[in-house]
Amino acid sequence: PPSLAAYCLALGDDALIYSHRLQQWLTRMPELEEETALANIALDLLGQARMLLARAAKADPSLGADEDALAFLRESKQFRNVRLVERHDDDFAELVARLLVFATWRLALFTKLSASGDPVLAAIAAKGAKELAYHRDYAGQWVVRLGDGTGESHARMQRALDTLWPLVGELFVITGVEQALPGTAVDPALVRPETDAIIDTVLATAGLDRPDVAPLGTLAGRAGRDGVHTEALGYVLAELQSVARAHPDATW
Amino acid sequence: PPSLAAYCLALGDDALIYSHRLQQWLTRMPELEEETALANIALDLLGQARMLLARAAKADPSLGADEDALAFLRESKQFRNVRLVERHDDDFAELVARLLVFATWRLALFTKLSASGDPVLAAIAAKGAKELAYHRDYAGQWVVRLGDGTGESHARMQRALDTLWPLVGELFVITGVEQALPGTAVDPALVRPETDAIIDTVLATAGLDRPDVAPLGTLAGRAGRDGVHTEALGYVLAELQSVARAHPDATW
Amino acid sequence: MTETLEHHFDETIAHERRIEPRDWVPDGYRKTMIRQIAQHAHSEIIGMQPEGNWITRAPSLRRKAILLAKVQDEAGHGMYLYSAAETLGADRAELTEMLISGRQKYSSIFNYPTLTFADVGVIGWLVDGAAICNQVPLCRSSYGPYARAMVRICKEESFHQRQGYELLMTMMRGTQAQRDMVQDATNRFWWPSLMMFGPPDASSPNTAQSMAWGIKRHTNDELRQRFVDMSVPQADKLGVSLPDPELRWNAERGHYDFGAVDWDEFTQVVKGNGPCNVQRVAHRRKAHEDGAWVREAAMAHATKAKQPAELER
Amino acid sequence: MTETLEHHFDETIAHERRIEPRDWVPDGYRKTMIRQIAQHAHSEIIGMQPEGNWITRAPSLRRKAILLAKVQDEAGHGMYLYSAAETLGADRAELTEMLISGRQKYSSIFNYPTLTFADVGVIGWLVDGAAICNQVPLCRSSYGPYARAMVRICKEESFHQRQGYELLMTMMRGTQAQRDMVQDATNRFWWPSLMMFGPPDASSPNTAQSMAWGIKRHTNDELRQRFVDMSVPQADKLGVSLPDPELRWNAERGHYDFGAVDWDEFTQVVKGNGPCNVQRVAHRRKAHEDGAWVREAAMAHATKAKQPAELER
């Protein structure tokens with residue numbers, strides 16, 4: 001059914017694009033231990049993306065034949081990820097700030113989703129929730145370390161939060177896709193209190209302020225979930241799809 | 001004839017890839033005056049690339065149907081540019097250092113080439129030489145300003161020279177393509193004394209040292225002209241070709 | 001004394017003659033004019049970003065050259081305009097500071113992202129089209145240097161508009177994916193283009209004074225209507241639909257009626273909360289800050305180069 | 001005392017038993033062993049770059065996951081190996097410093113660029129293949145912690161090698177462009193892979209001492225021959241040619257004969273003048289330097305977190 005496919009696509013695209021941004025950090029981390037942790041997280045999210053895109057392709061073959069067709073042959077406006085995941089991180093503070101927000105939100109979502117009426121989606125969410133709990137804790141520990149660490153790390157952490165905060169509101173906006181799938185999809189507005197509470201606890205422990213900023217503007221109300229992205233996504237796709245597009249008849 | 005095509009391709013790829021790197025600077029320059037100068041130079045080189053690639057396509061249609069097929073549908077190893085033009089500039093000092101080297105060398109080459117036995121190539125070179133004289137002077141003035149300016153600018157200028165110098169030697173290496181075109185192509189070794197002399201004068205005026213470093217290693221003697229590039233080129237092509245490859249049947 | 005000068009100024013305005021840099025002008029005129037020119041200059045400079053975004057990815061070398069030349073023209077327009085503002089006593093470095101600190105605005109349209117190559121064409125068609133509607137009357141601005149800059153700028157903008165429209169025509173003759181891109185870009189840019197003319201006349205308090213001073217020649221709503229009337233047949237010819245169900249010919253008025261602009265969105269964008277405000281200003285600020293050492297070095301070199309000559313005196 | 005210790009060391013070596021961290025070892029053994037382990041660790045860390053270069057561009061999600069996991073394993077290998085070096089008294093921060101200042105080496109193979117996705121497969125096949133030839137004997141290294149690390153590493157490397165070869169097999173069954181990519185990557189990596197075994201025995205002065213200490217188990221030329229003998233039938237099965245016209249079976253020797261390695265190129269690469277030496281070390285240095293504020297903050301936080309507990313004592 002198209003709604004289920006669209007829902008899987010949205011959740012899959014979040015993971016696919018965010019994993020790409022994490023992959024770009026590899027070999028650039030501050031310690032070897034962080035290299036392995038980062039690779040682990042990027043790999044988990046890539047795994048989630050693969051299952052969700054495969055599920056989307058199965059639920060609505062008109063979208064694309066399989067996970068690879070969906071990842072490598074769609075254009076920017078066909079991607080359904082939230083805009084939070086598109087931006088290139090300026091520094092390690094931004095990496096962990098975004099990861100904290102993303103993983104906390106997605107964990108809350110996946111926890112509810114593990115009771116979805118769609119058994120495949122429920123199973124994907126249950127598996128993913130275990131991974132995301134680790135991602136969230138990893139990010140939370142670093143946010144606390146950096147918030148509490150030195151003057152410089154505190155300033156960078158706060159700036160990172162301020163930079164990405166305008167993108168947070170979009171995570172909790174319900175779309176027609178969720179509305180069309182009662183009992184199967186989760187209304188993201190429902191996970192806002194839990195997400196906020198956890199992030200607030202981490203920020204309080206870290207001695208950081210929750211930013212008070214206006215949400216990033218939309219296009220007549222349309223944002224990432226509607227295929228209206230930031231300019232960053234085009235560059236992500238150019239890189240992600242470059243080899244696949246150059247060899248349209250190849251199998252790998 | 002294939003040799004003529006290969007020669008035009010090499011000279012065209014130098015301009016195409018370098019123009020791309022300059023285009024990436026646009027909206028990032030230190031002053032508005034430099035924005036227009038930069039756009040001008042990038043545009044001149046793009047123009048040279050177009051004429052040379054069109055000439056290559058005409059001389060050997062098996063390479064590609066036209067300038068766009070050559071720019072957008074070749075793979076990394078089919079590009080014949082020198083490796084100097086592939087690197088992303090770290091700062092404005094690197095931009096002007098590379099431009100000085102590139103424009104001085106290419107001007108010397110094009111000046112000789114304007115007497116080529118191939119009238120089309122001769123005309124392209126004669127037109128290009130006028131443009132390159134401006135590029136060289138623009139870069140030379142900046143190298144002097146930065147070399148002479150402040151302690152910081154001097155240090156950055158010297159570091160920029162040190163960084164790109166290993167790539168300079170490759171500019172003067174003759175390949176089988178030039179050898180196969182006596183009277184049409186120019187042996188780049190012949191322009192070394194002139195190029196060196198001009199660069200040395202600029203460096204002396206700027207109070208900068210000519211770096212004394214080993215050339216960048218090759219693969220069993222093969223480098224840019226043989227299709228063996230740096231890892232940077234793949235990313236250039238991913239961006240350059242992204243829209244064209246995503247719409248293989250389109251005309252623009 | 002001031003009375004005579006003021007009389008001369010009023011006479012100049014009344015006779016639709018040009019104010020020149022040497023002429024006395026009231027403080028309000030100077031301030032308003034500087035702000036207008038500066039915002040226009042800033043718009044040219046910030047406007048380089050959304051279009052510059054597609055230069056490296058332009059899918060044909062010819063289109064790449066056209067786009068590169070266009071962005072170069074915009075930098076040139078920025079330079080003329082800053083120079084015009086300088087003839088009124090403004091300082092370019094200060095104006096730049098006003099821009100990158102967010103204290104002066106630029107056209108709200110550039111706070112929307114460019115998401116496909118079709119956006120390049122639609123910006124040429126609609127955004128440059130709206131800019132021309134706004135700017136043609138400014139060729140008759142009472143301030144001479146600005147009026148003259150506008151003549152040159154309008155000429156180049158018309159050229160850019162034709163190029164944009166021609167790109168769209170080519171794309172509409174292409175693949176279905178290309179036609180979809182053009183329609184999608186039109187959908188995204190139509191309403192923001194209508195916002196380029198500013199708030200409705202009823203909520204545009206400065207219009208009267210600006211028109212009295214010959215700084216503004218038509219009201220926002222007049223210009224907006226002119227733009228709509230011009231664009232609808234162009235859209236038809238192109239084969240795209242405009243995203244407004246209320247758009248229809250009104251034979252009585254002799255104009256197209258159109259739906260209500262979302263002025264809340266406009267207000268948000270003007271306040272800094274559009275999709276790209278932070279990004280655009282941060283990009284410009286970074287370029288400026290990254291270039292600080294270069295400008296310092298150039299100044300230091302110029303000072304050193306001057307010294308020997310000065311010693312001779 | 002030293003004599004008894006030395007006797008114990010010699011006995012351990014002679015009986016092919018393992019030296020453990022608590023055991024006395026001669027200074028030369030310690031130094032040589034630390035250098036060998038550190039260079040191996042550095043190789044794992046630097047080796048992440050050429051392969052990591054293709055993760056974001058991998059043309060299928062399955063291949064992307066495989067490559068990402070492989071690069072993660074390399075980071076893990078680097079960590080075990082630095083730990084093994086620490087059991088001999090080395091300090092990881094110092095070893096990192098030695099790497100980024102260019103005072104310690106890593107495998108010369110990683111100074112070649114990865115230019116297409118086929119390189120990922122060829123690195124798995126040839127480079128991991130050569131590494132395994134080098135490393136399997138090291139599972140019997142006289143130094144216990146290193147030997148045990150090598151057992152785990154070799155197991156994972158064999159897995160990576162099979163994955164690389166499988167990728168190439170798939171590509172060879174694909175389009176002509178894919179087959180060309182595999183052949184091109186093979187042409188570029190063959191000779192540098194042969195160089196991975198180090199200079200010919202005649203110019204490898206430390207081999208004798210290392211073999212006596214049980215640090216090295218076979219000479220460079222022996223291992224190189226073993227690698228060639230192993231690779232030729234694999235190339236045949238794959239359907240690629242190896243870029244050596246002198247390569248042929250010698251029934252008398254029971255081995256493949258092969259052409260002369262370009263030791264001048266090898267010397268240049270070892271001296272720092274390969275195609276990517278500067279790039280690889282600069283990349284690693286930048287990551288380390290960019291991370292300095294993070295490590296400082298983590299330390300500051302750990303110190304603060306410890307203080308309350310200490311106050312209780």
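Numbers restart at 1 for each chain; the letters A, B, ... are given by sequence-line order, proteins then strands. Quantities reported herein were computed from a predicted structural model and do not represent experimental measurements.
The main-chain N or O of Thr36(A) is found under 3.5 Å from a side-chain atom of Gln72(D) such that the two form a donor-acceptor pair.
A distance of 12.0 Å separates CD of Glu74(D) from CG of Leu32(A), quoted to the nearest 0.5 Å. Remark: Leu68(D) CG to Ile41(A) CD1 distance equals 11.0 Å, nearest 0.5 Å. The OG1 atom of Thr27(A) lies 9.5 Å from the CD1 atom of Ile46(D); values are rounded to the nearest 0.5 Å. The structure places NZ of Lys304(D) at 13.5 Å from CZ of Arg145(A), a figure rounded to the nearest 0.5 Å. The CD atom of Gln23(A) sits 9.0 Å away from atom CG of Leu67(D), with the distance rounded to the nearest 0.5 Å.
Two residues are said to be in side-chain contact when any heavy atoms from C-beta on lie closer than 4.5 Å; Val294(D) and Asp91(A) fail this criterion.
Closest non-hydrogen pair, Ala300(D) versus Gly149(A), comes out as CB-O, 3.7 Å. In this structure, Glu33(A) and Arg92(D) approach most closely via the heavy-atom pair OE1-NH2, 2.6 Å. The two residues Leu53(A) and Leu61(D) make their nearest non-hydrogen contact at CD1-CD1, 4.2 Å.
By the 4.0 Å N-to-carboxylate-O rule, Arg284(D) lies too far from Glu35(A) to be salt-bridged with it.
Annotation: Phe159(D), atom CZ; neighbour count of heavy atoms from other residues, nucleotides and ligands within 6.0 Å does not exceed 12. Under a cut-off of 6.0 angstrom, the local environment of NZ in Lys58(A) is sparse, with at most 12 non-hydrogen atoms contributed by other residues, nucleotides or ligands.
At a 4.5 Å heavy-atom cutoff, Val236(A) makes no contact with chain D through either its backbone or its side chain. In this structure, chain D has a heavy atom under 4.5 Å from the side chain of Ala71(A), while its backbone stays farther away.
For the pair Arg62(D) and Trp252(A), the cation-pi criterion (under 6.0 Å, within 45° of the ring axis) is not fulfilled.
When each of Glu34(A), Arg245(A), Arg28(A), His154(A) is scored by its heavy-atom pairs under 4.5 Å with chain D, the top score falls to Arg28(A). Ranking Val243(A), Thr150(A), Asp148(A) against chain D, the residue ahead of the rest is Asp148(A), based on heavy-atom pairs under 4.5 Å.
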Chi angles and distances behind the salt bridge (charged side-chain N to carboxylate O under 4.0 Å, His left out) call for Glu67(A), Arg63(D): CA-CA 12 Å; Glu67(A) 60 178 50; Arg63(D) 294 292 174 194; over 6 Å; no

